[in-house]
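Here the structure comes first, spelled out in structure tokens, and everything after it is commentary.
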Amino acid sequence: MKDKRLENIDISAFQEDLISWYLENKRHLPWRENNDAYRVWVSEIMLQQTKVDTVIPYFNQFMEKYPTVYDLAEADQQDVLKQWEGLGYYSRARNLQTAVREVVASYDGEIPDDPKQLGSLKGIGPYTKGAILSIAYNQPVPAVDGNVMRVFSRVLLMEEDITQASTKKLFESYVGEMISKEDPSSFNQAIMDLGATICTPKQPLCMFCPVMEHCQAYAEGVQENLPVKKKAKKQRKEQYIALLIQNQEGKYIIEKRPDSGLLAGLWQFPMIPEDDIVKNDWQSWIEEHYDLDVDISESCTSIKHVFSHIIWHVDVRKATTNHKTAEDSRLRFVSLEELNQYPFPVSHQKMIPFLEEK
DNA sequence: AAGGCGGGGAA
DNA sequence: TTCCCAGCCTT
């Protein structure tokens, strides 16, 4: 009962061509040194929406600091966020630690190889579940991400919009049919390597493709038009004023962001939404929100920071205060050296060079 | 189904 | 500029 789309594919030959190419040409990556489930897990979380070259140094440092699930389970969340600093999507770090603690508490520290148990852990969705099951436990489960959808949209000449949830399920069904039952680990990783190095979004290197003769899009000459993907919405703009507030001891005021939402749990310099300033003056806004008395001086720099869904424009100003402590528990007075202990988003790291010793 | 959630590099 | 990357969670 083969699907129409699979009728033209010799699945055995496809698997053979793909896997033999992979075994000859696979990339040597830190998380491929062995198939330890914890290492696979950490790498797959870091690799979500993030390029391999970005992940490598973070992965090495993270594994050195937290070599086992027990080390990560016992760690302080602020330290874990500090390790994640600059990598983005910080809920990944918080969810990973939540899940690791669950593994220690409920599974005696053994990462489950049961699809239901594994998939119920925080932060492990369909893709990551498939990646861990196939790579660490050699189970023939699809692991469909953007990379895999690109490759198979071309091999099978599929024109469905890959931003649709229904399309992803369709791909999971096809990959489930095509995955090697003998070596699912190599099959899934081969697709990833193929998508990263040959079957690229623009100008794919079809001449070097090990499965070129199985590719329906190549046969039709339409590989450059696939996959079909709906355009993303544009980001909204937000204006802020950030304050580098120094007291007479030379310490600066930093503020902890809320435990949920954007950049949750990270630290920043106090920041005022510019919309609020038109109605009030700055002093009273700061008085009202932080219970602080500050003297604001000139603008020292202006920062533009782009998120996936927002663009921040931040006017950065120096300021002074006579306070030595703050009532507000979100606030802390820190020296320049102490500042390094706190996880900061990249947007606010850009302000640190404008701080001065005193 | 749609939107929130970071940051970087390639073209 | 635009794309998009080894996605998941919440609403």
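Values below: all heavy atoms of this structure, side chains included; hydrogens, waters and symmetry mates excluded. First the proteins, then the strands, lettered A, B, ... as listed; each starts at 1.
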Identified ring-ring contact (aromatic ring centres under 6.0 Å, His included) counterpart of A:Phe59 within the set A:Trp84, A:Tyr38, A:Trp41, A:Trp31: A:Trp31

Which is true for A:Val52 with a 4.0 Å heavy-atom rule: it touches a base, it touches only sugar-phosphate, or it touches nothing? base

Which class fits the ring pair A:Tyr342 and A:Trp267: parallel under 30°, tilted 30 to 60°, perpendicular over 60°? perpendicular

What's the CH2-C1' distance between A:Trp312 and B:dG4, to the nearest Å? 14 Å

No-hydrogen, no-angle side-chain donor-acceptor test under 3.5 Å, A:His214 and A:Asp17: yes

With hydrogens left out and only the distance checked, is there a donor-acceptor pair under 3.5 Å joining A:Thr54's side chain and the base of B:dG7? no

Counting only distance, no hydrogens or angles, is the base of C:dA6 paired donor-acceptor with the side chain of A:Arg27 under 3.5 Å? yes

Hey, can you tell me if A:Trp312 and A:His305 have their rings parallel, tilted or perpendicular (30° and 60° cut-offs)? tilted

For nucleotides C:dC4 and B:dC5, find the distance between their P atoms and express it as a whole number of Å. 23 Å

Please measure how far the C1' atom in B:dG7 lies from the corresponding atom in C:dT10, and state the result in whole Å. 22 Å

Taking only N and O in the side chain of A:Gln48, is any of them less than 4.0 Å away from OP1 or OP2 of C:dA6? no

Can you tell me, in whole Å, how much space there is between the C1' of B:dG3 and that of C:dA6? 22 Å

Nearest to the side chain of A:Phe307 - C:dA6, B:dG6, C:dC4? B:dG6

What I want to find out is whether A:Arg5 reaches A:Glu160 closely enough, with some N-O distance under 4.0 Å, to be called a salt bridge. yes

Ignoring backbone atoms, establish whether A:Tyr90 has a side-chain N or O less than 4.0 Å from OP1 or OP2 of B:dG7. yes

Using a 4.0 Å heavy-atom cut-off, does A:Thr128 contact any base of the nucleic acid, only the sugar-phosphate backbone, or nothing at all? sugar-phosphate

Between C:dC9 and B:dG8, how far apart are the two P atoms, rounded to whole Å? 24 Å

For nucleotides C:dT11 and B:dG6, find the distance between their P atoms and express it as a whole number of Å. 16 Å

Under-4.0 Å side-chain N/O to phosphate OP1/OP2 contact, A:Lys233 with B:dG3: yes

Please check the phosphate of C:dC5 (OP1 and OP2 only) for any side-chain N or O of A:Arg150 closer than 4.0 Å. yes

Look at A:His309 and B:dG4 and indicate whether a side-chain polar atom (N or O) is within less than 4.0 Å of OP1 or OP2. no

